[in-house]
Trainee: 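First the structure, then my questions, so here it is.
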Amino acid sequence: MSRAPSFAPVDVVARTLRVELTAARSRRDGAAPRVLDVGGGSGTWAVPLAADGCEVTVVDSSANALAVLRSRARESGVAGGVRAVQGDVDALADVVADAEADLVLGHGLLEYVDDPAEACRALALATVPGGALSLLVAGRFAAVLSRVVAGRLEEARRVLVDPSGRWGPDDPLRRRMDVEEIRTLVEADGQLSVERVQGHRVLADLVPDGVLDTGGAVPDPLAELEDIAAGTPPLRDMASQLHVLARRPG
């Protein structure tokens, strides 16, 4: 029997991916799901997914990050389940085949690419018909709130009104989005259909130390709270990252 990925219990994104991978195994008659992690860097998601029995390909432009990935995969005993490929989403078709993956990850990717619409098209083409695309994108409204709390009111105003959600020319991110912006982007050319938009760690990072220790005797109440908050506006919309699960029609 397959093991669940070793992610934190309050991680609603991990639980969403776990359900998707179970469905992928069923479609493949028990064979290992194929996962493509674009911009996956040092393997934060890839290594646990490989430990769960997935075949994971990580595409990243950084040779240093891929070296760390290979090292982490060896140390975790999953080197055979991880393939590291140097490249980026702008030339994804040059390094992976069309319809290669049951699940494609683009976590922390759209904030940095030159053309997010073209990136979404490339990710869609790499997904098998019926497969899923998982995106994590920086949220606009969380950045507004964080700057207000820090007393940076002019930066907060800029994030709120700027078309790309940036607070100025020194902002390290090229864009932040709200729910409607990312839904419109992902569904723009009809290759993907958004099934779920949820907040990632909406409340968990606010909980004081020690609250998460439930001793394993009962279901984690914070996990239940995160599940509700992740899909409940306006809490969902104020998450620092928005998670989108989209599907390529098949």
Trainee: Taking atom CG of N64 and atom CD of Q86, what is their separation to the nearest 0.5 Å?
Mentor: 9.0 Å
Trainee: Which pair of non-hydrogen atoms, one from A126 and one from L92, has the smallest distance, and what is that distance?
Mentor: CB-CD2, 4.2 Å
Trainee: Under 3.5 Å, side chain of E195 to main-chain N/O of R247, donor-acceptor pair present?
Mentor: no
Trainee: Under a 3.5 Å distance rule, please check whether D60 uses its side chain to pair with a backbone N or O of G41 as donor and acceptor.
Mentor: yes
Trainee: Does the E111 side chain pair with the main chain of L109, one donor and one acceptor, at a distance under 3.5 Å?
Mentor: yes
Trainee: Is the closest side-chain heavy-atom distance between R140 and D237 below 4.5 Å?
Mentor: no
Trainee: Do L192 and V35 sit in the same hydrophobic cluster, where Ile, Leu, Val, Met, Phe, Trp and Tyr count as joined when their side-chain heavy atoms come under 4.5 Å apart?
Mentor: no
Trainee: Any sub-3.5 Å donor-acceptor pair from S71's side-chain atoms to A67's backbone N or O?
Mentor: no
Trainee: Given side chains that start at C-beta, do those of R25 and C54 come closer than 4.5 Å, heavy atoms only?
Mentor: yes
Trainee: Verify, without hydrogens or angle tests, whether R175 (side chain) and G165 (backbone) share a donor-acceptor contact under 3.5 angstrom.
Mentor: no
Trainee: Are the side chains of R166 and L173 in contact, using a 4.5 Å heavy-atom criterion?
Mentor: no
Trainee: Just so I know, are the side chains of L185 and L110 near enough to count as touching, which here means a heavy-atom distance under 4.5 Å?
Mentor: yes
Trainee: Short question: side chain of R248, backbone of A124 - any donor-acceptor pair under 3.5 Å?
Mentor: yes
Trainee: Side chains of M177 and L242: does their closest heavy-atom pair fall under 4.5 Å?
Mentor: no
Trainee: Any side-chain heavy atom of C120 sitting closer than 4.5 Å to one from L133?
Mentor: no
Trainee: State whether the number of non-hydrogen atoms from other residues, nucleotides or ligands found under 6.0 Å of R121 atom CZ is greater than 12.
Mentor: yes
Trainee: Can you tell me if T44 uses its side chain to pair, donor with acceptor, with the backbone of G40 under 3.5 Å?
Mentor: no
Trainee: Are E75 and R72 close enough for a salt bridge, meaning some N to O gap below 4.0 Å?
Mentor: no
Trainee: Go through D162 and R176 one step at a time and tell me if the salt bridge (charged side-chain N to carboxylate O under 4.0 Å, His left out) criterion holds.
Mentor: CA-CA 10 Å; D162 182 76; R176 297 177 181 86; over 6 Å; no
Trainee: Report whether L103 and V13 are members of the same hydrophobic cluster (ILVMFWY, side-chain heavy atoms less than 4.5 Å apart, transitive linking).
Mentor: yes
Trainee: Is there a path of hydrophobic side-chain contacts, each under 4.5 Å between heavy atoms of I/L/V/M/F/W/Y residues, joining V113 to L135?
Mentor: yes
Trainee: Nearest 0.5 Å please: distance from the OG atom of S134 over to the CG atom of L123.
Mentor: 10.5 Å
Trainee: Looking at V128 and A99, what are the two nearest heavy atoms and their distance?
Mentor: CG1-O, 3.2 Å
Trainee: Please tell me if the side chains of L105 and L49 come closer than 4.5 Å, counting only heavy atoms from C-beta onward.
Mentor: yes
Trainee: Can you tell whether the side chains of R158 and E155 come within less than 4.0 Å, N to carboxylate O?
Mentor: no
Trainee: Mind checking whether V96 and V85 have side chains closer than 4.5 Å, heavy atoms only?
Mentor: no
Trainee: Compare every heavy atom of A84 with every heavy atom of L69, then report the nearest pair and how far apart it is.
Mentor: CD2-CB, 3.9 Å
Trainee: Identify the two heavy atoms, one from T127 and one from A132, that lie closest to each other, and give their separation to 0.1 Å.
Mentor: CG2-N, 3.6 Å
Trainee: If you look at every heavy atom in G81 and A50, which pair is closest and at what distance?
Mentor: O-CB, 4.1 Å
Trainee: What's the separation between atom CG in L36 and atom CD in E55, rounded to the nearest 0.5 Å?
Mentor: 12.5 Å
Trainee: Quick test of your reading: applying salt bridge (Lys or Arg N to Asp or Glu O under 4.0 Å), list the pairs with at least one residue in residues 79-108, sequence neighbours left out, ordered by first then second residue.
Mentor: R28-D102, R34-D102, R83-E100
Trainee: Give me the atom names and distance for the closest heavy-atom approach of P172 to W167.
Mentor: CD-CZ2, 3.9 Å
Trainee: State plainly whether one hydrophobic cluster holds both V19 and V12, where clusters connect Ile, Leu, Val, Met, Phe, Trp and Tyr through side-chain heavy atoms under 4.5 angstrom apart.
Mentor: no
Trainee: Could you measure the distance from the CD1 atom of I182 to the CD atom of E187? Nearest 0.5 Å is fine.
Mentor: 11.0 Å
Trainee: Please step through side-chain contact (heavy atoms from CB on, under 4.5 Å) for the pair R15 and D227, ending with a clear verdict.
Mentor: CA-CA 10 Å; R15 291 203 297 279; D227 277 339; 2.5 Å; yes
Trainee: Honestly curious: do V104 and V197 fall in one hydrophobic cluster under the side-chain, below-4.5 Å linking rule?
Mentor: yes
Trainee: Would you please name every residue forming a ring-ring contact (aromatic ring centres under 6.0 Å, His included) with H107, sequence neighbours left out?
Mentor: W45
Trainee: Quick check on side chain to side chain donor-acceptor pair (under 3.5 Å): which of H200, H243, Q198 does T16 satisfy it with?
Mentor: Q198
